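The structure appears right after this line, and notes come after that.
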Amino acid sequence: MPFTIAIDGPAASGKGTISRAISAHFGFRHLDTGLLYRAIGAMGGDPIAAARALVPQDLDRPDLRTAEAGQAASRVAVIPEVRAALVDFQRRFALEEPGAVLDGRDIGSVICPDARVKLYVIASDEVRAARRAAELGADPAQMLIELQERDRRDSERAAAPLRPAPDAVMLDTSALTIDQAVERAIAEVARARG
Ligand code: C5P
């Protein structure tokens, strides 16, 4: 069983940056599972059919990082059939050597419950909004509203709601630099590898 690292948390908590850094450090492959939902939301049409037909090339669309794509993603992500159609895609990715980092909302709780490391990355709403605003060149107040709406939808849905797995290690990045957050995550993985 390849070494799997599950990194979950709300939007703009820092999980993407941490996941990329960890995968580079340990030579693992990385899957940003938010892109799956973003791609399905961006396709329009029937989201269940889109989820069943998803291929890796769909994740390369250039318009998936926008705030609108994030909102569209969280609307299709509440549909249980969409989530069910994506389970195999994600588990297959985790099963290939030499090991993988998957980041999302339900990796440690649903997709890879046996992951060797589970991190749940959080940051205050204001810090997350400021980060996302800087990244997208947007207004922080508007980003705060957008993130809180998305968090609410992700947390309140019945299918795989945003929630830490019981055995996840919490990592609050509110007061940390990127380097400090990455250092702590790497230490956690190194400890689990023994
Ligand atoms: O992580 P990112 O912001 O790209 O995710 C976009 C949306 O996709 C989230 O707000 C959430 O609704 C959904 N998502 C999910 N499960 C995942 C990853 C993302 O429901 N594993």
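Just the heavy atoms: all of them, side chains too, but no hydrogens, waters or symmetry mates, feed the values below. Whatever order the structure lists ligands and atoms in, that order sets their numbers, starting from 1. Counting from 1, the numbers follow the sequence of the chain as shown. Everything numeric in this text was worked out from a predicted model, so none of it was measured.
Heavy-atom separations between Lys15 and ligand 1 include at least one value shorter than 4.0 Å. Under a 4.0 angstrom heavy-atom cut-off, Arg83 registers as being in contact with ligand 1.
Here the side chains of Tyr37 and Arg105 are not in contact, with every heavy-atom distance at 4.5 Å or above. Between Leu176 and Leu171 there is a side-chain heavy-atom pair separated by less than 4.5 Å. Using a 4.5 Å heavy-atom threshold, the side chains of Arg91 and Ile111 count as touching.
Looking at Ala77 against ligand 1, only its side chain comes within 4.0 Å, counting heavy atoms. Residue contacts with ligand 1 for Arg65 are absent, since no atom lies close enough (heavy atoms, distance under 4.0 Å).
The atoms of ligand 1 that sit less than 4.0 Å from any heavy atom of Ala73 are 6 (C), 7 (C), 8 (O). Taking every heavy atom of Asp154 and a limit of under 4.0 angstrom, the matching atoms of ligand 1 come to 9 (C), 10 (O), 11 (C), 12 (O). If you number the atoms of ligand 1 from 1 as listed, the ones under 4.0 Å from a heavy atom of Ser74 come out as 10 (O), 12 (O).
Side-chain polar atoms of Arg131 and Thr173 form a donor-acceptor pair below 3.5 angstrom. Between the side chains of Asp179 and Thr177, no donor N or O sits under 3.5 Å from an acceptor N or O. With no hydrogens or angles considered, a side-chain donor-acceptor pair links Arg153 and Ser74 at under 3.5 Å.
The shortest N/O to N/O separation between Thr33 and ligand 1 falls below 3.5 Å. Where the criterion is an N or O separation shorter than 3.5 Å, residue side chain and backbone included, Arg132 fails it with respect to ligand 1. Ligand 1 has an N or O atom lying under 3.5 Å from an N or O atom of Arg105, backbone or side chain. Considering backbone and side-chain N/O atoms, Arg38 comes within less than 3.5 Å of an N/O atom of ligand 1.
Of all protein heavy atoms, the one closest to atom 14 (N) of ligand 1 is Tyr37 CD1, 3.6 Å. Considering only non-hydrogen protein atoms, atom 6 (C) of ligand 1 sits nearest to Arg150 NH1, 3.4 Å.
Other residues, nucleotides and ligands contribute more than 12 heavy atoms inside 6.0 Å of the CZ atom of Arg157.
Val110 and Leu54 fall within a single hydrophobic cluster, where Ile, Leu, Val, Met, Phe, Trp and Tyr are joined by side-chain heavy atoms under 4.5 Å apart, directly or via other members.
With respect to Arg92 and Glu96, no salt bridge is recorded, no charged nitrogen being found less than 4.0 Å from a carboxylate O.
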